Protein chains: 2
Amino acid sequence: MYKFEFISADIQEKILQGFYPVGRLLPSENDLAKHYGVSRETIRKAQKRLEDTGFIQKQQGKGAIVLDFARFSFPISGLTSYKELQESKQFQTATRVLMNKQIPAPDFLVGEDGVEAGEPFIYLIRSREMAGETVIIDHDYLRVSVIPDGVPDAIAEVSIYQYFEQELNLQISFANKEIVAKLADDIDQKEMSIGPDEYIIQVNSHVYLEDATFFQYTSSHHRIDKFRFEEFARRTTH
Amino acid sequence: MYKFEFISADIQEKILQGFYPVGRLLPSENDLAKHYGVSRETIRKAQKRLEDTGFIQKQQGKGAIVLDFARFSFPISGLTSYKELQESKQFQTATRVLMNKQIPAPDFLVGEDGVEAGEPFIYLIRSREMAGETVIIDHDYLRVSVIPDGVPDAIAEVSIYQYFEQELNLQISFANKEIVAKLADDIDQKEMSIGPDEYIIQVNSHVYLEDATFFQYTSSHHRIDKFRFEEFARRTTH
DNA sequence: GGCGATTTGTACGTATGTATT
DNA sequence: GAATACATACGTACAAATCGC
């Protein structure tokens with residue numbers, strides 16, 4: 001762990017515990033540099049991350065104001081997975097694997113980062129239950145060239161991301177997400193007990209590894225009355 | 001304009017024009033530093049912005065790969081306004097002001113960053129038409145203490161953000177956004193010709209200025225079949 | 001309003017570590 | 001193993017914004 005990462009995590013922890021209260025200023029960069037025994041640049045790097053994630057707002061000549069967004073924000077706004085989400089929210093949840101088989105690349109993925117027609121993918125369908133009701137149906141398409149052994153059902157029921165990152169040592173890095181409303185398909189209707197003329201919310205993501213290779217496409221179908229997405233956003237000017 | 005801002009904008013432009021093709025590497029940091037006549041740190045600062053916005057992906061020991069996300073992504077994912085959105089998309093659009101009056105602070109805003117009961121707000125309701133159909137209803141609550149003169153109707157029909165930033169010299173900095181589905185209210189039903197049991201998508205935002213003062217609350221009601229949200233997201237580890 | 005003191009922002013140069021080819 | 005390229009870290013200097021006197 002780098003110094004700036006440790007310092008960033010440390011300050012974040014102190015904000016969450018109220019040691020640095022919301023609405024107040026952090027100590028100055030020079031004071032923090034002295035306190036941690038590092039250079040000012042290292043403090044600035046640590047603070048940059050806190051600024052990006054909504055923990056602080058910096059203002060030239062004044063200081064770093066503590067905000068209170070990150071503590072409420074849904075991790076879904078990042079790339080964080082369902083499993084991490086439910087852990088952080090303490091809901092009663094269950095996952096059922098509805099399908100887990102190898103298929104040729106679906107048409108809408110052919111051409112994406114060199115995906116060829118017929119290239120093998122793992123097609124995984126899972127239902128997510130909260131308090132006894134199915135509220136999400138996940139469709140995952142995973143590139144076999146990256147995970148030759150597929151995904152064991154036992155893993156699919158827990159967290160595929162943890163498996164990829166810790167067991168397979170894959171670095172999941174970024175994604176392009178789209179949120180749209182669609183009419184419920186057959187699986188949605190059956191699993192979530194809704195009609196064919198009712199809408200669900202789809203969150204579609206293209207997921208990439210650290211070296212920018214395409215790895216996974218996911219389509220999450222959310223029951224419309226249970227869907228919520230929250231994010232902290234900064235205005236980009238240039 | 002700072003050096004790193006100029007360089008960031010310059011490289012971005014060259015990516016968009018295909019001078020740096022998607023999937024290829026940018027020149028090395030040292031080469032770029034020589035080319036622009038700046039230090040390597042300045043190049044890295046410029047590249048950091050391009051990485052945050054989805055233009056490039058950096059990899060240690062290898063280089064900076066050009067991505068193709070930013071060119072497609074909806075500006076709505078930042079704080080960019082409706083007017084900027086329609087300009088960038090070239091749709092046939094129109095805005096109608098349905099309401100523009102001063103009201104006491106609504107209950108759900110009292111307590112937010114020191115908002116007191118009875119504190120005056122401007123309540124603005126606008127309908128957005130595309131190709132002759134109303135597809136969005138915007139409800140804006142603007143803090144009168146920040147904009148004492150309110151918003152002229154002529155401005156409200158174009159872009160309030162441009163007015164705030166250029167005329168009033170306000171620095172809009174960040175927002176907390178929430179996306180949920182709700183049943184259409186009376187105004188939604190009337191303006192978008194939909195029934196009381198149909199859903200709309202609400203994008204609710206708390207908007208803040210550079211000094212972290214709360215400035216505006218907006219609730220955007222989108223016709224469900226016209227709604228789309230897209231964003232580029234990086235995985236945050238710690 | 002002006003003038004310092006403080007604080008953050010930018011820029012540079014150097015050194016060292018680490019990943020990739 | 002060598003060369004290349006990115007990542008971190010430090011120290012310095014100056015610019016720009018804020019605040020209190």
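For the numbers below, each heavy atom of this structure counts, side chains included, while hydrogens, waters and symmetry mates do not. A note on names: the letters A, B, ... follow the listed sequences, proteins ahead of strands, and every chain is numbered from 1. Bear in mind that the values here come from a model prediction, so they are computed numbers and not experimental data.
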First of A:G61 and A:E41 reached from the 5' end of DNA chain D, by closest nucleotide: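 By nearest-heavy-atom nucleotide position, the 5'-most residue is A:E41.
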task: Please figure out whether B:N30 or B:E210 has its closest DNA chain D nucleotide nearer the 5' end.
output: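 The 5'-side residue here is B:N30.
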- request: Indicate whether the side chain of A:D211 and that of A:T213 have a donor and an acceptor atom separated by less than 3.5 Å.
  value: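 On atom types as modelled, these side chains qualify, holding a pair under 3.5 Å.
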- prompt: Are any of the side-chain heavy atoms of B:R49 and B:E5 separated by less than 4.5 Å?
  reply: yes
Using whole Å, what does the distance between atom [atom2] of nucleotide [N] and atom [atom1] of [X] come to?
X	N	atom1	atom2	value
A:Q57	C:dG9	CD	C1'	14 Å
B:Q60	C:dT21	CD	P	12 Å
B:L25	C:dA19	CG	P	19 Å
B:R40	D:dC6	CZ	P	7 Å

Short side-chain N/O contact from [X] to OP1 or OP2 of [N], under 4.0 Å:
X	N	value
A:T42	D:dC10	yes
A:Q59	D:dT18	yes
B:K62	D:dC6	no
A:R44	C:dG9	yes
A:K58	C:dG9	yes
A:K45	D:dA7	no

message: Check for me whether A:K101 meets the cation-pi criterion with A:Y123, that is, NZ or CZ under 6.0 Å from the six-membered ring centre and within 45 degrees of the ring axis.
response: no
Whether B:E119 side chain and B:E116 backbone form a donor-acceptor pair below 3.5 Å: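 Pair found, side chain donor or acceptor close to backbone of B:E116.
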field: Residue whose nearest DNA chain C nucleotide is more 5′ - A:E29 or B:K3
entry: A:E29
- line: Winner on side-chain proximity to B:Y2, out of C:dT10, C:dC12, D:dT8, is C:dT10
